[in-house]
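First comes the structure, then the notes that go with it.
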Protein chains: 2
Amino acid sequence: MSKRKPKLYEPCPIARSVDIFGDRWSLLILRDAFDGNRRFGDIQRSLGVARNILSHRLRKLVDAGILKMQSASDGSAYQEYVLTAQGERLFPIVVALRQWGERHLFSCGERHSHLLERATGKSVPLMIPVARDGTILTPEAAYVEKVI
Amino acid sequence: MSKRKPKLYEPCPIARSVDIFGDRWSLLILRDAFDGNRRFGDIQRSLGVARNILSHRLRKLVDAGILKMQSASDGSAYQEYVLTAQGERLFPIVVALRQWGERHLFSCGERHSHLLERATGKSVPLMIPVARDGTILTPEAAYVEKVI
DNA sequence: CAGTATCCCTCAAGATACTG
DNA sequence: CAGTATCTTGAGGGATACTG
């Protein structure tokens, strides 16, 4: 990601999203946030990322309104990084990514982590786009209306 | 993404997904694929990406089983890049990304593209994770079972 | 048109030392 | 512990010329 174009006016929501998460670590930081990892050091150890990089990414996510800093809940003097309301709404993306990965990125006997419901202990149902009439929305049944 | 750790055994599906799309262009290429953009040159112009980079990304996506090359449908001698079945299952991720971006990355009067249903011309309902009992699955109601 | 090859440059990322 | 500062490296990316 160098020598980037100015990125003047980007009318595609996906393009703007990629501007925020389109790197090696941001989505993993968000995964950790949903898993309840709030402290700098915990995230750093969990990801194995260099601390200066983590510092940059956290700042970027805070600036984007996805995370916020607040005083640590355990009374220590330090800060925690927690999801904002806007950040919590990334849950569908994280779930969709995880479900796709669970299905397609592991060979048959290979073990991997699972997303489960706390209430039942069973796997979360596959998330699928639904149309207004309640049927499954296939890619062909949707289209993107471009702005002029 | 330099000096990467060997990435020996990565048990998290999101981490593996990020290994595939965790860059500036792959998600945009997939967006274009869902929009029906199949030709190298069309994608290149659409994204404004350098051709050598696009070449690399396309190969990576083909290697990952997300895209496949096939002869052009218009009878020309060239190839097209189209989604595989596995690639089509990325639709939820692309939709979730787009919906989140539509909602959070544009200021009030700012125009942006919209995802619509072909049948009705209306916007696609917001995709939300649902639990087995049919209720909305909140982040707190789910957890990740790690492998040992 | 659809790429590949080459060159160059920037910056993400890593390692480590340092500060409050 | 939670970062910041500094240095280094190399991969990602851009531009362009070239080939089938």
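The figures that follow rest on heavy atoms only: side chains count, while hydrogens, waters and symmetry mates do not. Chain A is the first sequence line, chain B the second, and so forth, proteins listed ahead of strands; every chain is numbered from 1.
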Does [X] have a side-chain nitrogen or oxygen under 4.0 Å from the phosphate oxygens OP1 or OP2 of [N]?
X	N	result
A:Arg24	C:dA13	no
A:Ser55	D:dT4	yes
A:Arg51	D:dC1	no
A:Arg57	C:dA13	yes

Within this structure, what is the [atom1]-to-[atom2] distance between [X] and [N], rounded to whole angstrom?
X	N	atom1	atom2	result
A:Ile43	D:dG3	CD1	C1'	12 Å
B:Asp23	D:dG14	CG	C1'	15 Å
B:Leu47	C:dA2	CG	P	14 Å
A:Arg59	C:dA13	CZ	P	15 Å
B:Leu58	C:dA2	CG	P	11 Å
B:Leu54	C:dA5	CG	P	15 Å
B:Gln44	C:dT4	CD	C1'	14 Å
A:Asp42	D:dA2	CG	C1'	11 Å

Once hydrogens and angles are ignored, does a donor-acceptor distance under 3.5 Å link the base of C:dG14 to the side chain of A:Asn52? yes
If you measure from the Lys or Arg side-chain nitrogens to the Asp or Glu carboxylate oxygens, is any gap between B:Arg24 and A:Asp23 under 4.0 Å? no
Short N-O contact, A:Lys68 and A:Glu80, less than 4.0 angstrom: no
Kindly point out which of [options] is positioned nearest to the side chain of [X]?
X	options	answer
B:Val49	C:dC1, D:dG14, C:dG3	D:dG14
A:Met69	C:dG14, D:dG3, C:dG3	D:dG3
A:Ile53	C:dG3, D:dG13, C:dA13	C:dA13

Note, B:Ile136 side chain near B:Val130 side chain (heavy atom, < 4.5 Å): no
For a 4.5 angstrom cut-off between non-hydrogen side-chain atoms, does B:Val124 reach B:Leu116? no
Using a 3.5 Å limit on both pairing distances, list the dot-bracket string of DNA chain D from the 5' end; Watson-Crick and G-U wobble pairs count, crossing pairs take [ ], interstrand pairs take |. ||||||||||||||||||||
Cation over ring, B:Arg39 on B:Tyr81, under 6.0 Å and within 45°? no
Any base atoms under 4.0 Å from A:Arg45, or only sugar-phosphate, or nothing? Heavy atoms, all strands. nothing
Decide ring-ring contact (aromatic ring centres under 6.0 Å, His included) for A:Trp100 and B:Phe91; before the verdict, give the C-alpha distance in whole Å, the side-chain angles of both, and the deciding distance to 0.1 Å. CA-CA 10 Å; A:Trp100 184 84; B:Phe91 193 52; over 10 Å; no
Without swapping roles, check the side chain of B:Arg16 against the backbone of A:Leu105 for a donor-acceptor pair under 3.5 Å. yes
